[in-house]
Amino acid sequence: MPELPEVEVVRRGLSTAVRGRTITRVDVLHDRPVRRHLAGPADFAAQLTGRRFAEPRRRGKYLWLPFEDGDALLAHLGMSGQFRSDEATLPDPPNTRIRFVFADGGPELRFVDQRMFGGLSLSPDGAELPAEVAHIARDPFDPEFDLDQTVARLRRKRSGVKRALLDQELISGIGNIYADEALWRSRLHYAKPADRLTRKAAVGVIMEATAVMREALGEGGTSFDSLYVNVNGSSGYFERALAVYGREGLPCLRCGRPIKREPFMNRSSFRCPRCQPAPRMIIRAS
DNA sequence: CTCATGACCTGTGCGC
DNA sequence: TGCGCACAGGTCATGA
């Protein structure tokens, strides 16, 4: 589930659930999600114990939870990560990997991750911008996001436009769903060379990506009342608002032609064959 | 430097 | 019923 809007929903949920609360115990139930904490699981638990959470932050799909006395808990949800805030009396959800217990005896925080591509680590001095996140570009919700600079860099990429949109060092937060949605709205084929986009087209596809993520966040916000976000994608937003993603064989909402699914970058791309035709082959000089 | 590819994991649903 | 395979919303290391 987690692209920018979903991660932002989680960030807001964490703000409500853990800000101002002090950790008294950390249980590492599986080592893999703390693999990037190089000092090991026991050190991870020891370092966090006794710390109090401040306001959670986000860049792109990365989350970090600063502590009031410095450092931060760095988190990435990967493909299947969730944070859950549950009363301590309730059993762990399946695939619970890390459990945080708090001094106030209130709800526990549980990091749940089926595939374990995500993970947690302690980022020393990471309150402002963790070193692990420094290579990630600003996302379009960032007040300092620079559209002109991003457009200029996009138009220098010698790759297909979808690959460029997914490049978290160019613009962060966009994943497979919102890339496909932005391309459909912009009537662009995923393989259109980024450096053949007009300035207008480049601006347009970034604006559409931003717009679709903003709409998705709005949907997530209205239905959000706990930390649970459905990994299976059965939330209302996905049923109602996606134009192409996951709609293979269904009619294009603009022209009625059946949506095609094609492999691209070891994943699926969905497009309308009429609205988003394959680009003409370009023979580059030298 | 840039770009493309496969590895990293578990679980589910489908066709046979 | 059981098995094998395709597939799942991400990132990173490693090659060319």
Side-chain angles (χ1 to χ4, degrees), chain A residues 1-10 29-36 38 58-64 74-83 93-98 111-121 130-137 139 152-184 190-196 209 212-213 215-217 219-220 229-235 237-239 241-249 261-270 284:
Chain A
M1 50 142 266
E3 299 182 38
L4 187 156
E6 294 75 29
V7 178
E8 175 60 16
V9 167
V10 171
L29 308 177
H30 198 300
D31 286 357
R32 181 147 185 88
V34 292
R35 66 194 176 282
R36 295 182 69 183
L38 300 180
R58 181 190 57 74
R59 174 177 284 194
K61 304 169 198 168
Y62 273 89
L63 279 171
W64 65 98
L74 179 70
H76 198 289
L77 303 178
M79 291 283 265
S80 52
Q82 297 176 23
F83 278 108
N95 304 309
T96 298
R97 309 304 188 187
I98 315 283
F111 182 70
V112 177
D113 192 1
Q114 178 196 110
R115 296 176 73 182
M116 296 185 290
F117 289 170
L120 309 180
S121 60
E132 298 89 339
V133 185
H135 66 294
I136 300 295
D139 61 65
R153 289 183 61 204
L154 171 62
R155 296 181 66 218
R156 271 182 251 126
K157 289 269 174 196
R158 294 173 58 90
S159 67
V161 59
K162 179 168 177 180
R163 186 183 293 276
L165 290 175
L166 294 174
D167 181 352
Q168 305 296 302
E169 301 189 27
L170 173 68
I171 177 172
S172 67
I174 303 172
N176 204 34
I177 291 176
Y178 299 118
D180 277 6
E181 295 297 314
L183 292 169
W184 179 81
Y190 55 81
K192 171 87 174 182
D195 63 0
R196 312 284 307 190
V212 71
M213 290 196 294
E215 293 163 26
L217 177 58
E219 296 289 326
V229 177
N230 194 339
V231 174
N232 297 325
S234 56
S235 73
Y237 173 75
F238 291 101
E239 307 236 39
L242 293 185
V244 279
Y245 189 87
R247 298 192 68 245
E248 182 181 18
R261 177 166 69 89
E262 294 162 324
F264 179 69
M265 291 175 69
N266 289 325
R267 60 220 311 176
S268 292
S269 278
F270 297 86
R284 294 176 193 273

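Per chain, numbering begins at 1; letters A, B, ... match sequence-line order. Only heavy atoms go into these numbers, but all of them, side chains included; no hydrogens, no water, no symmetry mates. Predicted, not measured: the structure shown is a model, and the values here were computed from it.
- The CZ atom of Arg35(A) sits 13 Å away from the C1' atom of dT10(B) (whole-angstrom rounding).
- Of the charged side-chain nitrogens involved, at least one lies within less than 4.0 Å of a carboxylate oxygen, so that Asp167(A) and Lys157(A) count as a salt-bridged pair.
- Distance Gln114(A) CD to dC9(B) C1': 9 Å, rounded to the nearest Å.
- The CD atom of Glu248(A) sits 4.5 Å away from atom CZ of Arg261(A), with the distance rounded to the nearest 0.5 Å.
- Regarding Glu262(A), its CD atom lies at a distance of 18 Å from the P atom of dA6(C), rounded to whole Å.
- As rounded to whole Å, 12 Å separates atom C1' of dT2(B) from atom CZ of Arg153(A).
- We find that Asp139(A) and Arg58(A) are joined by a salt bridge, their nearest charged nitrogen and carboxylate oxygen being less than 4.0 Å apart.
- OP1 or OP2 of dG11(B) sits under 4.0 Å from a side-chain N or O of Asn95(A).
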- Message: Using side-chain contact (heavy atoms from CB on, under 4.5 Å), reason through Tyr190(A) and Val161(A) one step at a time and then give a plain yes or no.
- Response: CA-CA 6 Å; Tyr190(A) 55 81; Val161(A) 59; 5.6 Å; no
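- Atom CE of residue Met213(A) and atom CD1 of residue Ile174(A) lie 4.5 Å apart, to the nearest 0.5 angstrom.
- Per the geometry, CG belonging to Asp113(A) stands 13 Å off P belonging to dG10(C), to the nearest Å.
- Distance CG (Leu120(A)) to C1' (dG10(C)): 15 Å, rounded to an integer number of Å.
- Residue Leu63(A) contributes atom CG, which lies 14 Å from atom C1' of dG10(C) at whole-angstrom precision.
- Ser80(A) has no side-chain polar atom (N or O) that falls below the 4.0 Å cut-off from OP1 or OP2 of dT10(B).
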Interface polar pairs with nucleotides 3-7 of chain B, N/O, under 3.5 angstrom:
unit_1: dC3(B); atom_1: OP1; unit_2: Arg158(A); atom_2: N; d: 2.4
unit_1: dC3(B); atom_1: OP2; unit_2: Lys157(A); atom_2: NZ; d: 3.2
unit_1: dA4(B); atom_1: OP2; unit_2: Arg163(A); atom_2: NE; d: 2.8
unit_1: dG6(B); atom_1: N7; unit_2: Asn266(A); atom_2: ND2; d: 3.1

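- Stretches of at least 3 consecutive Watson-Crick or G-U wobble pairs, with each checked distance under 3.5 Å, appear in DNA chain C as B:2-8 with C:10-16, B:10-16 with C:2-8.
- Taking atom CD1 of Ile177(A) as the reference point, atom C1' of dG10(C) lies 12 Å away to the nearest angstrom.
- The CD1 atom of Ile98(A) sits 9.5 Å away from atom CG of Asp113(A), with the distance rounded to the nearest 0.5 Å.
- How far CZ of Arg267(A) is from CG of Asn176(A): 4.5 Å, rounded to the nearest 0.5 Å.
- A perpendicular orientation is assigned to the rings of Tyr62(A) and His76(A), their planes being inclined by more than 60° (bins at 30° and 60°).
- The two residues Ser172(A) and Gly60(A) come nearest to each other via the heavy atoms OG-CA, 3.2 Å.
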- After noting the C-alpha distance and the side-chain angles of Arg115(A) and Ser80(A), does the key distance pass the side chain to side chain donor-acceptor pair (under 3.5 Å) rule? CA-CA 6 Å; Arg115(A) 296 176 73 182; Ser80(A) 52; 5.5 Å; no
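- Note that CG of Leu74(A) and CG of Leu120(A) are 8.5 Å apart. Values are rounded to the nearest 0.5 Å.
- Here Phe117(A) counts as stacked on dC8(B): its ring centre is under 5.5 angstrom from the base ring centre and the planes meet at under 30°.
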- Message: Base contacts versus sugar-phosphate-only contacts with protein, heavy atoms under 4.0 Å: please encode nucleotides 11-16 of chain C as B, S and - from 5' to 3'.
- Response: SS----
